[in-house]
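Step one of this worksheet: look at the structure below.
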There are 2 protein chains.
Amino acid sequence: MNFSVDNAVRCSECPIRHRAVCAKCDTDELLTLEGMKSYRTFKAGETILWRGEKLEYVASLVQGVASLSKTLEDGRTQMVGLLLASDFIGRPGRDEIEFDVTATTDVTLCCFNKEPFEQLVETTPHVAQRLMELALDELDVARDWMLLLGRKTAREKIATFVEMLVRRSQLPEDNGTASVSLPMTRDQIANFLGLTLETVSRQLNSLKKDGVLSFNDRKHLVVEDLSALHEATGDDSDGGIIF
Amino acid sequence: MNFSVDNAVRCSECPIRHRAVCAKCDTDELLTLEGMKSYRTFKAGETILWRGEKLEYVASLVQGVASLSKTLEDGRTQMVGLLLASDFIGRPGRDEIEFDVTATTDVTLCCFNKEPFEQLVETTPHVAQRLMELALDELDVARDWMLLLGRKTAREKIATFVEMLVRRSQLPEDNGTASVSLPMTRDQIANFLGLTLETVSRQLNSLKKDGVLSFNDRKHLVVEDLSALHEATGDDSDGGIIF
DNA sequence: CGCGATTTTGAAAGATCTCAACATCTGTGG
DNA sequence: CCACAGATGTTGAGATCTTTCAAAATCGCG
């Protein structure tokens with residue numbers, strides 16, 4: 001078994017209580033969820049679910065980062081989703097998923113047994129309402145991502161990616177600079193952006209040479225000029241959403 | 001005004017009654033919907049909604065084909081969604097959309113006033129449940145599309161596109177051939193696939209030269225060898241979903 | 001029949017990928 | 001604490017694919 005079962009935290013104490021699929025649930029519904037849930041953890045790099053695998057549970061991501069990816073016959077792969085805390089895995093009413101789910105960092109899932117969860121979706125409105133919101137949010141992200149994959153240059157892709165990291169880190173940016181940690185390897189970034197890892201490396205170093213970024217460490221970089229970074233994304237002033 | 005208001009058909013007679021957002025509604029809910037709906041029609045090529053425009057209604061597509069697209073500052077555009085009969089436009093709880101919606105063919109919408117519709121989503125489960133399913137379906141499509149945009153070659157993109165048309169036309173394919181009508185111009189196909197129109201033209205003619213396709217008419221083509229077409233998509237045996 | 005829109009075709013430029021070599025980091029064990 | 005091995009990242013040169021720019025061909029419609 002590539003997972004371990006922990007003792008479940010009480011829902012009312014849960015860090016993602018107000019953002020996850022349970023966000024709109026009342027006390028009764030929470031109690032029902034409590035009865036069908038269990039925690040599982042995965043180490044960074046482990047596969048959480050394989051494409052086509054029979055699903056026995058659906059889950060909320062409690063902690064860590066996971067990625068969804070698809071692979072062509074000859075091995076080319078494309079990341080098609082990035083799951084953060086409170087994101088949802090699986091879909092009620094379908095038995096398997098169309099992509100692999102991999103732990104990017106160490107991951108904790110709050111898993112719900114599939115049948116009782118689906119019952120809850122059918123019989124009460126709050127879970128479906130929240131699931132709808134989550135799906136629509138993911139759809140917005142997916143559409144920005146499609147624009148990036150279909151039309152942006154390598155440099156624009158990298159700039160957009162870094163800008164997304166900045167936005168997500170939500171650290172107070174002072175004088176137009178920001179520092180962020182890179183949670184992925186060059187190879188993972190390449191699969192995220194539809195590039196090769198060499199191109200990722202080159203464009204990152206090109207942005208460094210141009211004074212937009214700086215970095216020594218591989219896992220940590222500093223945006224020296226946020227507005228130059230935004231210029232490089234190709235987006236118009238307000239910009240996209242991606243995460 | 002770029003639309004006209006028709007008399008609404010009764011919901012119970014509606015051709016998309018069992019697939020649209022109202023699919024799970026009971027008679028009472030249908031009656032409520034009936035009270036907030038009106039039909040609008042758009043001619044092929046007209047813009048239905050602009051990005052950022054304030055939404056006054058959400059809608060189901062009753063007839064025709066519409067496309068969602070995003071544009072970069074310098075004018076590069078990428079189609080990010082294709083709406084067919086029973087697909088939904090807009091999202092409860094948000095006032096504007098992040099993309100343009102354009103009528104690809106003549107289009108009929110069944111529009112619901114935004115406030116009362118959102119009320120219905122909040123107070124009853126059936127609409128949200130169906131909206132969740134529709135959003136998750138679109139998400140599956142979007143993810144296959146991302147794989148295509150990020151990793152497929154021009155030839156694979158075209159082959160995948162044609163295969164999608166075949167699958168959608170669901171005409172009885174006999175001896176391994178099929179004939180489909182092309183609903184878009186080369187330029188629209190290019191925006192769909194993240195290519196230039198010249199590349200679309202070249203790849204289409206290359207598949208013709210290789211005996212996979214044949215066509216004289218611009219709007220109509222024949223797949224001479226379905227299995228060769230599938231070979232050319234780059235997908236593995238079972239293939240993706242796109243529509 | 002003729003005009004504008006759409007499509008095809010060609011040639012050259014440009015971007016990204018591929019392949020290969022080398023550099024650097026990380027963590028392990030001596 | 002250092003050396004080493006494997007993983008990760010960088011850099012270079014050439015190949016390849018797609019785009020760009022331009023011109024010619026074809027279609028559809030009045």
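Throughout, a chain's letter reflects where its sequence line sits, starting with A, and its residues are numbered from 1.
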>> Given dT7(C), dT16(C), dT10(D), identify the nucleotide with an atom nearest to the side chain of Ser201(B).
In response: dT7(C)
> Which part of the nucleic acid, if any, lies within contact of Leu195(A), taking any heavy atom under 4.0 Å across all strands shown: a base, the sugar-phosphate backbone alone, or nothing?
Replying inline: sugar-phosphate
> With respect to the side chain of Thr199(B), which nucleotide from dT8(C), dT16(C), dT19(D) is positioned closest?
Replying inline: dT19(D)
>> Given dT8(C), dT10(D), dG28(D), identify the nucleotide with an atom nearest to the side chain of Asn205(A).
In response: dT10(D)
>> Both Leu204(B) and Arg155(A) contact DNA chain C. Which one's nearest nucleotide lies toward the 5' end?
In response: Leu204(B)
>> In this structure, how many angstroms lie between the P atom of dC17(D) and the NZ atom of Lys157(B), rounded?
In response: 14 Å
>> On DNA chain C, compare the nucleotides closest to Glu198(A) and Lys219(A); which residue's is nearer the 5' end?
In response: Glu198(A)
> Rounded to the Å, how far apart are Asp187(A) CG and dC17(C) C1'?
Replying inline: 14 Å
> Hey, are Arg91(B) and Glu98(B) close enough for a salt bridge, meaning a charged N less than 4.0 Å from a carboxylate O?
Replying inline: no
> What is the distance from CD of Gln203(B) to C1' of dT8(C), rounded to the nearest Å?
Replying inline: 14 Å
> So which heavy atom on Leu83(A) is nearest to which on Glu138(A), and how close?
Replying inline: CD2-OE1, 4.2 Å
>> In whole Å, I'd like the distance from the CZ atom of Phe215(B) to the P atom of dT26(D).
In response: 14 Å
>> Counting the atoms with a prime plus P, OP1 and OP2 as sugar-phosphate, which does Arg186(B) contact under 4.0 Å by heavy atoms, base, sugar-phosphate, or nothing?
In response: sugar-phosphate
> In terms of side-chain heavy atoms of Arg218(B), which of dG28(D), dT7(C), dT19(D) is nearest?
Replying inline: dT7(C)
> Taking CG from Leu197(B) and C1' from dT6(C), how many angstroms apart are they, rounded to a whole number?
Replying inline: 9 Å
> Should Arg202(B) and Glu198(B) count as an ion pair when the cut-off is N to O under 4.0 Å?
Replying inline: no
> Please give, in whole Å, the distance from dG9(D) P to Asn216(A) CG?
Replying inline: 15 Å
>> Nearest to the side chain of Arg202(B), heavy atoms from C-beta on, is which of dT8(C), dT20(D), dG12(D)?
In response: dT20(D)
>> Whole angstroms only, please: what is the CD-P distance between Glu156(A) and dG14(C)?
In response: 17 Å
> Which whole-number value in Å describes the distance from Leu207(B) CG to dT8(C) P?
Replying inline: 12 Å
> After noting the C-alpha distance and the side-chain angles of Phe215(A) and Val222(A), does the key distance pass the side-chain contact (heavy atoms from CB on, under 4.5 Å) rule?
Replying inline: CA-CA 6 Å; Phe215(A) 52 94; Val222(A) 178; over 6 Å; no
>> Looking at dT8(D), I'd like to know if its phosphate oxygens (OP1 or OP2) sit under 4.0 Å from a side-chain N or O belonging to Thr185(A).
In response: no
> Any Lys/Arg nitrogen of Asp210(A) or Arg155(A) sitting under 4.0 Å from an Asp/Glu carboxylate oxygen of the other?
Replying inline: yes
